[in-house]
Each structure stands twice: as C-alpha cells, then as structure tokens.
Amino acid sequence: MAVALLEGLNEQQRAAVSAGPGPVLVLAGPGSGKTRVLTHRIAYLIQEIGAYPGGIVAVTFTNKAAGEMRARVENILGGRLQGLQIGTFHAICARLLRREADHTQHRHDYLIYDTDDQVALVTQALNELNLDVKKYRPRQLLDHISGAKNELIPPDKYQMKSYLGEIVRRVYERYQELLIASNARDFDDLLMDTALLLRDNDEVRQKYQRFYEFLLVDEFQDTNMAQYELVKILAKPQDNVFVVGDEDQAIYGFRGADYRNVLQFRRDFPDAKVILLEQNYRSTQIVLDAARAVIDKNTHRTPKALFTDQIGGQPVTVYEAYSEVDEAEYVIQRVDDLRKQERLDYRDIAVMYRTNAQSRALEEAFIRSNTPYRLIGGVGFYKRREIRDLLAYLRLINNPDDAVSFARVVNVPKRGIGKKSVEDLQRWALKQRYTIGQALAALAQGEPSSLPASAVRKLVDFHALLAGWRELNAVGDLSALLEDVIVRTGYTLHLHESSDRPEEAMERQENVNEFRALLKQDRAKPLGEFLEDISLVADVDTLAEEKNSVTLLTLHAAKGLEYPVVFITGIEEGLLPHLRSLDEPDGMAEERRLFYVGLTRAMRHLYLTYAFRRMTYGDSSPSLPSRFLGDIPARLVQGVSAGLANRRNYQTYQESLRWDDDSPWENKASDKEATWPDASALVDAARSRIRGQIQPFGQGAPLRYRSGLRVQHPVFGEGIVIESRRSGDDEEVTIQFSKQVGLKRLAASFANLIILEG
DNA sequence: GGGCCGTCGCTTTTT
DNA sequence: GCGACGGCCC
C-alpha cells in the first residue's frame with residue numbers, strides 16, 4: 001500500500017509526502033502538484049504512520065478547497081474519515097470558539113459579522129462618541145482596527161502615538177464593546193480570540209495541543225501574524241507541522257498576510273525539512289517563460305527553477321482594444337474561435353481581471369452574444385438589499401441582541417419607528433447597560449423609560465412580532481419561518497413600493513424567490529447553523545463544476561485554479577498595477593505577484609488585453625498599457641499592440657516625474673534598463689507575423705502630432721505627446737501634462753496646441 | 001416621521 | 001453612473 005501512495009509522484013513530491021515527523025516546509029511553484037502532495041501526505045499519515053484522523057487538522061484557503069481535499073483523501077483511502085478536520089482558519093476557529101464559549105466573552109451561539117455589518121457598527125460607535133463620520137471614514141478606521149487584530153492587539157493594548165491613533169483607540173474600544181453586546185464577532189475576531197485564548201489559557205491550550213497531533217497548512221505565504229501564531233501554538237509539543245507555500249503567489253498583503261512568515265518559519269523551526277517542488281505539470285514552456293520574466297523582476301525572493309516537459313506551446317497573444325466594450329467583444333470572438341477551431345469547451349476558458357467592476361462590460365458582452373458564463377464574486381447574492389433584509393430578520397430571530405440587524409429591519413418595511421425612536425432606544429439601552437434585546441424586552445414588560453409613549457407602543461409591537469417568530473423557529477422549519485416573515489412583514493408589497501422601476505421590483509422578487517428555494521433545501525437545518533454556513537462561504541466556494549460555461553473572476557479568486565485558456569483583461573497602468581497599490585509598502589511587488597498568479601493559471605494559451613480608453617466612474621478616460629506587459633519577452637508574444645510603440649517616450653517621461661515603483665524592495669536601476677527593451681521589436685515582429693489579423697487603430701493618413709513631441713496648451717500648460725491617432729476627420733492626441741493635470745486626450749482641431757519641440 | 005431631491009464618494013483585492 | 005446620506009418641507 002505504501003507503494004501505491006507514492007506511486008506516480010516525482011522524487012521531491014515523494015520526499016515531501018513521506019517526510020518523517022517534525023516540521024516540513026514545502027516551497028511549491030505553481031502547477032507543481034502541491035494539492036496532490038497535501039492529500040497524499042494526509043493519507044500517508046493515516047495509513048503509514050497510523051495517525052488517528054481526528055488528530056489531523058488541515059488548513060486550506062477556501063471552503064471549496066477544503067471540500068475537494070477531503071474528497072480526494074477519501075478517494076485515496078477509500079472510506080470516510082472520522083474526525084478528520086479540514087477547513088479554513090476562520091471556520092476551524094469559529095468552531096473552536098463555540099466549543100470553548102465558556103472561556104470567552106461570547107456565548108456559544110455568537111454570530112459572525114461581515115464587512116457591511118462592521119461598517120454599520122463602527123458608524124454607531126462614531127455617533128456615540130460624537131465623532132464626525134465624514135472626517136473619520138468608517139472603512140479607514142476598520143482598516144486600522146483590523147490591522148491591530150491581525151497583530152493580536154486588543155483595544156486596551158492599542159497604542160499609536162498620533163491624534164488619529166487616539167481616535168482609533170476610542171473607536172476600537174467602543175466597537176469591540178458593541179460587538180460583545182451583540183454577541184457577534186467579525187472575521188478578525190475569529191482568529192484573534194482563538195489565538196489569545198490558546199495563548200493565555202493553559203488548560204484550553206494543552207487540550208488542543210494534545211488533541212491535534214498533526215497540522216498541515218496550505219497557501220502558507222498568505223497567513224497573517226494571528227494565523228501564524230495559531231500554527232506555532234497548535235504545532236506544539238511535537239512540532240508535526242507541514243506547511244506548503246510559494247512566496248511568489250503572496251497576494252493578500254492587504255489583509256495582513258505576510259509572506260515573510262515563510263522565512264520566519266525557517267527561523268522558528270530550524271530543524272525543518274525544506275523541499276522544493278519545481279516541476280510544473282500545468283503549463284507550456286512559453287507560458288512559464290512569460291510568467292518567469294514577470295516575476296523575476298521582484299527582488300527578495302527564493303529563486304526557483306521551474307521547468308516543464310511541455311516544450312514550446314502557443315505564443316502569448318496580446319491585444320490592444322479600443323475600449324472595454326471592444327475588449328469584451330474581442331474575448332467573445334476568441335472564445336468562439338477556440339470552440340470552433342480548437343474544439344475547446346466553454347468550461348476550459350477563464351476571463352480574469354483586477355477589479356470586480358471590470359466584470360460588467362464583460363458580462364454585457366456575454367449576454368449580448370448568448371455565450372454562457374458564470375461570475376465568481378461581484379455584487380454577491382448575499383449583498384443584495386432584499387436578501388440582507390430577510391437575513392437580518394433571521395439573524396435577529398436567532399439572536400435578540402444583534403444590534404446591527406435590529407437597526408437594519410426595525411423600520412423595514414416602514415412601521416413608524418424612525419431614526420429618532422431608534423436613537424432614543426439606543427441611548428436608553430446604553431444608559432441602563434442593556435443590550436438591544438434586553439432593552440426591548442424591558443419595554444415590553446412595562447418598565448418605565450425616557451421614550452415617548454407612542455414610540456414605546458410601536459417598539460413593543462415589534463418585540464411581540466419577533467417573539468412570535470422565535471416560537472415558530474422552535475418548530476425547526478426554516479422554510480416555514482421565512483415564509484411567515486415575508487407574509488407578516490408584508491415584504492413583497494414593500495419590495496414593489498420601494499422600487500423605482502417595475503423591472504427592479506421583479507429582479508428583487510426573483511432574488512427573494514431564489515433565497516426561498518435555498519432555504520427550502522436546508523429547511524431542517526438549525527437556524528444558527530444555517531447563518532454560520534452562509535457567513536463563512538467565499539465567492540469561489542460557490543463555483544459549481546457541472547455547468548459548461550466560461551468563468552469570469554478576479555485574479556485573487558483565481559488562486560489555486562487552472563484553465564486551458566486564460567484571458568487577463570485590463571492590463572493597464574492604474575489598474576494592474578492598481579493605482580491604490582502605489583502607496584502601500586510592497587504594493588508594486590504584490591501587483592506583480594498577482595499578475596504572475598494570473599499568468600500561471602494558464603495551461604496552454606494566454607490572452608492578454610488592455611484598452612486604449614476605459615470607462616471609470618461614468619466617463620471614459622485614456623489609459624496606458626501596464627509596465628508589466630513590457631516585461632514579457634517579445635519572442636513569446638504575438639498580436640498587435642500599437643500602443644506599445646510609444647512606451648519608450650512614456651517611460652522616459654514617467655521617470656522624469658518619478659512616478660515609478662517606489663517600493664523599497666524594487667531595484668530601480670535595473671528596472672530602468674530592462675523595462676521596455678523589446679517594445680518596438682515586439683510591435684514590428686507582431687505586425688509582420690500576423691498581418692491583417694487585427695487592424696491597428698490610427699493607420700493611414702499622416703498625423704500632425706507624434707509621440708515624444710513637446711506641446712503647449714492654453715489651459716493645461718506644457719505637456720508631452722504620448723500618442724496620436726486618427727479619429728474620424730480629426731486627430732485625437734493623448735498628452736501627459738503636469739502631475740496635477742495628468743493625462744488628457746484632446747481633439748487636435750479644438751485644442752489649440754503649440755508645438756514646442758520634438 | 002416620511003418623502004423628495006441634491007451632494008458626495010466611490011472600487012482594489014476577501015475570509 | 002450609482003447608491004448612501006443629509007437637508008428640506010410636508
């Protein structure tokens with residue numbers, strides 16, 4: 001049997017799977033079979049080492065990955081695995097905190113607040129502290145709070161020597177009180193509370209250290225400090241800890257992940273066996289070469305010698321679209337070609353992008369052309385207003401103290417309990433040290449309060465409504481409960497009254513029906529369990545295999561997946577790399593890794609597209625191809641990309657502005673030399689190779705302005721021409737003006753430009 | 001308390 | 001270009 005487990009694995013994979021007890025670090029390049037190694041490792045532990053399945057914990061990045069891993073292990077061992085725990089850090093912690101509720105500040109039936117709930121609660125905290133919501137953005141404060149939690153700093157330990165720091169401390173403190181009063185935790189609390197509980201409570205810690213004999217962690221490069229702390233604690237005392245990761249695929253720095261944990265692991269476990277998986281089984285040589293050229297420009301990384309048996313392959317196709325609409329149409333055309341010419345299925349194809357907002361133009365094109373697709377993420381089902389309303393009712397039924405849900409539905413549909421009454425109630429509750437549920441119950445029992453009698457009457461009615469549902473819930477039929485909520489609140493009528501257009505009402509009604517159907521399936525599930533399940537699902541978790549359709553997803557969501565054909569769209573400056581990444585430490589390097597993750601999802605063919613102009617916030621503005629594109633050697637590329645010819649001028653100009661990678665990790669000198677060595681060669685080669693495939697824009701009559709020209713504009717001042725194209729009878733000139741003015745695209749006949757030199 | 005209308009800010013990425 | 005929120009008036 002031992003032979004079977006190791007059969008078909010290469011030498012390094014075998015070494016990893018059969019490594020002796022003690023710490024193991026597997027550095028696994030993309031497509032190197034790391035999931036295979038993990039599943040075989042679990043099987044090996046059970047079958048060869050004789051480990052008890054209940055003593056094994058495997059941590060994955062998504063619930064879907066957890067499900068797949070479990071299925072694969074069951075498949076290998078041919079049976080159900082009693083007690084084997086596979087899940088995300090968040091899910092595993094959530095369960096532990098329920099079991100150990102007696103040692104925590106929350107009850108076992110606490111609920112999990114998502115980002116929207118968090119914002120609502122921070123806003124409430126700000127109001128209570130008489131702080132201006134305009135001045136202190138809840139999102140920004142939450143970033144600080146989240147950062148503190150990821151570093152295991154509770155409110156009373158929070159210190160930051162600045163005025164803002166003091167504000168954060170006060171908000172954090174109140175926010176946390178409100179969470180506890182609501183018997184709720186946010187995502188970060190799941191990790192922080194577990195780590196602190198295990199760290200500070202000897203009895204609990206020893207219990208789990210004894211119980212969890214073997215620990216395995218996937219995607220280790222994307223763990224944050226709290227998660228790593230958990231790894232270190234749970235690994236003890238035997239240190240049977242097996243982690244798998246790839247620094248080059250670290251893309252969650254924004255939520256506190258630190259790939260340097262990989263280095264730290266080697267320091268914390270000096271005896272760790274380090275194994276490199278370098279053979280790639282996924283992609284062609286060309287795909288790998290392109291990806292390597294991109295990632296090689298990141299410094300401070302362990303160099304890996306990724307190789308594949310799949311020599312050669314199809315060249316990477318680069319396409320310059322006119323707009324995001326054109327880009328989407330190009331994708332559709334290629335999809336059609338791929339099906340007809342290469343007999344590929346829709347399911348073999350994925351379209352990736354940096355931001356969710358980009359999915360819109362793509363979706364419209366897919367709908368127009370009747371091409372089946374499925375969207376991962378985006379404005380998720382559970383983010384829809386009508387679903388959140390109904391969910392809030394269910395949550396409030398489950399937990400009377402849920403302040404956020406209470407505030408959401410107390411007057412939806414309208415029942416005459418306005419802002420004033422709610423604020424009065426909150427203030428009174430605060431003064432009496434009541435939770436929101438206690439306050440409501442007290443009013444119902446006739447306790448005197450500072451609220452006007454009419455408001456009290458309406459609140460008591462609302463309380464009675466909730467009490468009725470709680471009784472109904474005791475019957476244990478979720479579906480019946482939801483139907484009763486919809487009927488008694490008159491939610492259907494509300495839906496139609498609150499919609500501007502009839503189609504909108506229909507759409508919302510459709511969503512409600514979908515939610516109903518969902519609950520019907522799960523009708524026997526206890527309410528609390530149902531609520532937990534839906535609060536921990538990721539967008540990728542909903543990715544269903546059966547349907548034959550093209551997958552649309554963000555680069556982040558693509559991690560761990562693979563497709564024969566991959567399109568990466570919107571490869572433009574400001575989008576990939578994203579503008580916002582520029583002021584983050586390590587931001588540019590992370591954007592590069594994100595692009596690398598996208599590139600390495602492709603098995604056979606890569607399409608890279610960018611648009612000449614793109615719609616943002618309702619108006620169309622010019623854009624430039626990403627600096628990353630120029631890092632892919634011309635010999636790997638085919639396609640027309642007229643814009644690239646102008647990159648040299650643009651690059652020179654950008655350097656003079658010093659709007660450059662300002663990450664301390666990047667090596668600027670080498671970047672300057674190497675960024676666009678092949679740009680013009682690329683365009684020339686591409687043009688001759690695929691003459692006639694795509695007509696580049698702006699060909700034909702001679703143009704008055706050319707790139708590199710310095711010009712003067714009466715209003716915008718001096719600038720440099722990036723490029724110029726024919727546009728009808730006129731000429732459309734793209735000019736980079738001063739930093740304040742930025743990039744402009746002007747019609748030559750109206751712009752009154754004076755040519756200075758060139 | 002509710003409805004209407006204007007302003008503002010926004011979109012990075014997710015458990 | 002859209003949704004959230006505040007100011008205004010009934």
Side-chain angles (χ1 to χ4, degrees), chain A residues 59-66 87-94 112-116 118-120 123 127 132-134 137-140 143 146 149-150 185-191 219 222-224 226-227 250-257 352-360 376-380 382-385 411-424 452 454-455 458 497-498 500 504 532 534-541 553-559 570 574-584 587 590-591 593-595 597-598 615-620:
Chain A
V59 186
T60 57
F61 204 71
T62 62
N63 292 301
K64 178 166 179 281
T88 62
F89 272 111
H90 291 88
I92 289 168
C93 289
I112 299 165
Y113 275 0
D114 68 15
T115 318
D116 288 347
Q118 288 179 277
V119 170
T123 309
N127 286 334
D132 186 2
V133 185
K134 278 260 158 67
R137 302 232 115 54
R139 294 265 172 189
Q140 188 200 348
D143 278 348
S146 174
K149 289 183 175 181
N150 287 331
R185 285 186 166 97
D186 63 21
F187 285 119
D188 301 315
D189 286 336
L190 296 175
L191 305 176
E219 306 282 7
D222 277 322
T223 51
N224 62 31
Q227 289 166 326
I251 54 173
Y252 282 91
F254 70 91
R255 69 175 207 216
M352 303 174 186
Y353 36 81
R354 176 69 233 268
T355 66
N356 281 308
Q358 287 168 255
S359 71
R360 193 161 166 173
I376 313 291
V379 180
Y382 290 108
K383 285 235 164 18
R384 307 264 157 81
R385 193 172 61 201
N411 204 28
V412 174
K414 302 245 173 310
R415 46 176 75 89
I417 306 173
K419 212 175 138 215
K420 175 91 170 36
S421 303
V422 174
E423 274 173 15
D424 284 350
S454 65
K458 289 173 198 157
E497 283 175 351
S498 64
D500 301 335
E504 186 189 324
E532 164 145 357
I534 61 172
S535 61
L536 288 176
V537 291
D539 294 325
V540 234
D541 295 339
L553 74 180
T554 63
L555 288 163
H556 281 90
K559 184 160 94 158
L575 208 49
L576 183 66
H578 199 279
L579 207 59
R580 295 281 287 263
S581 69
L582 294 172
D583 42 48
E584 274 166 35
E590 181 148 313
E591 295 293 302
R593 292 193 292 268
L594 191 54
F595 188 38
V597 166
M615 193 82 97
T616 9
Y617 299 139
D619 54 21
S620 181

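Numbers restart at 1 for each chain; the letters A, B, ... are given by sequence-line order, proteins then strands.
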Please state whether the phosphate of dT12(B), meaning OP1 or OP2, lies under 4.0 angstrom from any side-chain nitrogen or oxygen of His578(A). yes
Could you check how far CG of Asn63(A) sits from C1' of dT14(B), rounded to whole Å? 12 Å
Send over the distance from Met615(A) CE to dC2(C) P, rounded to a whole Å. 10 Å
What I'd like to find out is whether the side chain of Lys559(A) reaches to under 4.5 Å of the side chain of Ile251(A), using heavy atoms alone. yes
How many Å lie between CG on Leu575(A) and P on dT13(B), as a whole number? 10 Å
Nucleotide of dT15(B), dG2(B), dT12(B) approaching Thr115(A) most closely (side-chain heavy atoms): dT15(B)
For Glu423(A) and dG6(C), what is the distance between atoms CD and C1' respectively, to the nearest whole Å? 13 Å
Is there a side-chain contact between Pro452(A) and Asp424(A) in this structure, where contact means two heavy atoms from C-beta onward sitting under 4.5 Å apart? yes
Spatial distance of atom CG (Leu575(A)) from atom OG1 (Thr355(A)) [nearest 0.5 Å]: 5.0 Å
Integer-rounded Å distance: dT15(B) P and Asn224(A) CG: 14 Å
Please round to the nearest 0.5 Å and tell me the distance separating atom NE2 of His556(A) and atom CG of Asp222(A). 8.0 Å
So, is Asn411(A) close to the dG2(B) phosphate, meaning a side-chain N or O under 4.0 Å from OP1 or OP2? yes
Separation of dT12(B) atom C1' from Gln358(A) atom CD, nearest Å, is 10 Å
Among dT12(B), dG3(B), dG1(B), which nucleotide sits nearest the side chain of Glu591(A)? dT12(B)
For Phe254(A) and dT13(B), are the ring centres under 5.5 Å apart with planes inclined under 30°? yes
Between dG2(B), dT15(B), dT12(B), which nucleotide gets closest to the side-chain atoms of His90(A)? dT15(B)
For dC10(B), does either OP1 or OP2 sit under 4.0 Å from a side-chain N or O belonging to Arg137(A)? yes
Name the residue closer to the 5' end of DNA chain B, choosing between Lys419(A) and Arg255(A) according to the nucleotide with the nearest heavy atom. Lys419(A)
What integer distance in Å separates Arg139(A):CZ from dG3(C):C1'? 13 Å
Toward the 5' end of DNA chain B, which comes first, Asp188(A) or Val422(A), by nearest nucleotide? Val422(A)
Take atom CZ in Arg360(A); do more than 12 heavy atoms of anything else shown fall under 6.0 Å from it? no
Could you check how far CE of Met352(A) sits from P of dT14(B), rounded to whole Å? 13 Å
Hey, does Ser421(A) reach any base, or is it just sugar-phosphate, or nothing, if we go heavy atoms under 4.0 Å? sugar-phosphate
Are any of Thr616(A)'s side-chain N or O atoms less than 4.0 Å away from OP1 or OP2 of dT11(B)? no
Is Tyr252(A) touching bases, backbone alone, or none of the nucleic acid, heavy atoms closer than 4.0 Å? sugar-phosphate
